[in-house]
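One structure is given below, encoded as structure tokens.
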Amino acid sequence: MKEKVFVNIAFDEAIKSYIACLNDKDSLKYNSFIVVTIRILALIYGKLDILNPYYLNNNVAFFNNLAKYGMNRADLAVFKEEFLNFYNFEKENDTKKIKIKNPYFKTVLKYLVDMFVAKKRNADVSIVEEEKFLELTYTTHTKNYYQISYRYLNIDDERYIEKYYYSKLNEIEMTREMDLGKTISTPLNLEALNYLGIGLSNLKDMSIGDIEKAQNEVYNYFEVDATSQTRDKDLEENMNYYKMYGKKIATGNGYVDILLLMSVIVTTLSVTAIIICSII
């Protein structure tokens with residue numbers, strides 16, 4: 001039997017719980033944050049790269065695996081301590097009647113985002129894998145009720161990690177990432193491009209003209225003036241509006257907008273009248 005603690009008590013307990021719950025994936029423990037952290041690491045690096053060092057009780061091999069996509073060793077050392085801080089804070093929090101936000105929740109997730117972005121820089125990542133990562137990392141892609149509830153308790157902005165993720169992707173040096181000797185005249189909002197079904201894998205094969213045309217289509221899709229000096233700020237604001245309420249019913253012409261709104265109201269009243277009459 002293993003007697004030593006693997007890495008620290010947080011990692012040791014998290015991996016033990018992960019292994020114990022592999023056949024009980026609907027359980028609260030399997031969907032607890034410490035186990036979800038291990039699930040994210042297994043997604044990024046592969047299950048064997050996480051579990052084999054644990055079975056061998058080899059801390060060095062574990063962190064060598066975490067560094068294989070280029071993560072800074074100093075950052076990994078901080079990640080290790082922040083995960084322990086999260087664990088200790090949560091243990092203390094469990095003894096209190098009134099829970100308070102765990103300040104290490106966001107920090108640990110940000111390091112996990114950094115790891116995934118490092119992988120995207122240095123390896124092929126499928127859309128399926130990226131979507132699974134976004135589901136696990138407490139973004140708006142998350143469908144699990146345990147995770148949604150926990151995010152609600154520990155973070156004010158539900159899109160905080162999502163915003164961080166896309167900001168890190170936008171930091172990627174395009175000439176290196178896309179292997180292009182090109183200069184793009186406008187900063188690319190990768191999250192916005194994703195709405196049109198365009199990811200980095202697509203951008204690699206596109207010409208400068210096609211990329212800029214795609215960006216202009218993004219501005220048009222989110223109803224942003226592409227000639228405005230504040231277009232990128234406007235794009236972010238309109239994207240946030242879209243996520244909350246759906247696309248705006250607007251044309252830019254006040255008179256036409258009023259007619260559109262009136263037509264929606266009239267249609268709604270007509271449908272309501274039909275329903276009432278059918279009931280009567």
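Judged by the 6.0 Å distance and 45° axis criteria, Lys80 is not positioned over the aromatic ring of Phe11.
Classification of Lys16 and Asp12 as a salt-bridged pair holds, one side-chain N sitting under 4.0 Å from a carboxylate O. Ion pairing of Asp24 with Lys29 is absent here, as no side-chain N (NZ or NE/NH1/NH2) approaches a carboxylate O to less than 4.0 Å. Asp156 and Lys101 are joined by a salt bridge, as a carboxylate oxygen and a charged side-chain nitrogen come within less than 4.0 angstrom of each other.
Contact annotation: the side chain of Lys47 approaches that of Tyr18 to within less than 4.5 Å [non-hydrogen atoms, C-beta and beyond]. Annotation: side chain of Asn144 is not in contact with side chain of Glu135 (no heavy-atom distance under 4.5 Å).
Among all heavy-atom pairs drawn from Lys106 and Ile161, the shortest one is O-CD1, 4.1 Å. Between Ser228 and Asp234, the shortest heavy-atom distance links the atoms OG-OD2, 3.9 Å.
Side-chain contact, Tyr54 with Asn59: no donor N or O sits under 3.5 Å from an acceptor N or O. Between the side chains of Thr139 and Thr137, no donor-acceptor pair is found at a separation under 3.5 Å. Using a 3.5 Å distance cut-off with no hydrogens or angles, the side chains of Thr140 and Glu162 do pair a donor with an acceptor. Side-chain N/O atoms of Tyr87 and Glu82 include no donor and acceptor closer than 3.5 Å.
The aromatic rings of Tyr104 and Phe89 sit perpendicular, their planes meeting at an angle over 60°, well past the 30° parallel limit.
With hydrogens and angles disregarded, no donor-acceptor distance shorter than 3.5 Å links the side chain of Arg151 to the backbone of Arg159.
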